[in-house]
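Remarks on the structure that follows.
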Amino acid sequence: MMFMAEIMEARETIDEAHDTAEVEALFEANEDKINATVKDLEFLIGGEDWVSAKAAAIRLRYLQGIRRAAKRWLDNH
């Protein structure tokens, strides 16, 4: 549940942002999380740990959603 709280907080930060630097910082931190999740996924798939790989893939989808929302905000401000 902690991950979902992070996602909700990131969405709230983007929705309420008034400062480009704030969204850029969130975007960069999110990119780091995406990169780490992709590495985790590669490891889990290589080890044929399908249950954990599925969970990591779901995390990746949420992180990609944050990426899209932050990019959209940055493109419009």
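Only a predicted model underlies this, so the values are computations on that prediction, with no experimental measurement involved. Numbers here are sequence positions counted from 1.
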* Asked: Just how far is it from atom NZ of Lys54 to atom CG of Asp49, taken to the nearest 0.5 Å?
  -> 13.0 Å
* Structure fact -> The reported gap from NE2 in His77 to OG1 in Thr20 (rounded to nearest 0.5 angstrom) is 8.0 Å
* Approximate separation, where rounding is to 0.5 Å, of Glu22 CD and Glu16 CD -> 9.0 Å
* Within a radius of less than 6.0 Å around NE2 of His18, do more than 12 heavy atoms belonging to other residues, nucleotides or ligands occur? -> no
* To do: Could you tell me whether Arg11 and Asp15 have a side-chain N and a carboxylate O separated by less than 4.0 Å?
  => no
* Would you say the side-chain atoms of Asn76 pair up with the backbone N or O of Arg72, donor to acceptor, closer than 3.5 Å? -> yes
* Asked: Should Met4 and Tyr62 count as side-chain neighbours, where that means a heavy-atom distance under 4.5 Å?
  -> yes
* Closest non-hydrogen atom pair, Leu63 against Asn30 -> O-ND2, 2.9 Å
* Structure fact -> Looking only at heavy atoms, the pair that brings Val23 and Ala17 closest together is CG2-CB, 3.4 Å
* Asked: Hey, are the side chains of Leu26 and Ile66 touching, using non-hydrogen atoms and a 4.5 Å cut-off?
  -> yes
* Find out if a path of hydrophobic residues (ILVMFWY) with successive side-chain heavy-atom gaps under 4.5 Å connects Met8 to Phe27. => no
* Asked: Counting only heavy atoms not in Glu9, do more than 12 sit closer than 6.0 Å to its CD atom?
  -> no
Show every donor-acceptor pair shorter than 3.5 Å between a side-chain atom in residues 35-48 and any protein atom, with sequence neighbours excluded, or say none if there are none.
unit_1: Asn35; atom_1: ND2; unit_2: Glu31; atom_2: O; d: 3.3
unit_1: Thr37; atom_1: OG1; unit_2: Lys33; atom_2: O; d: 2.8

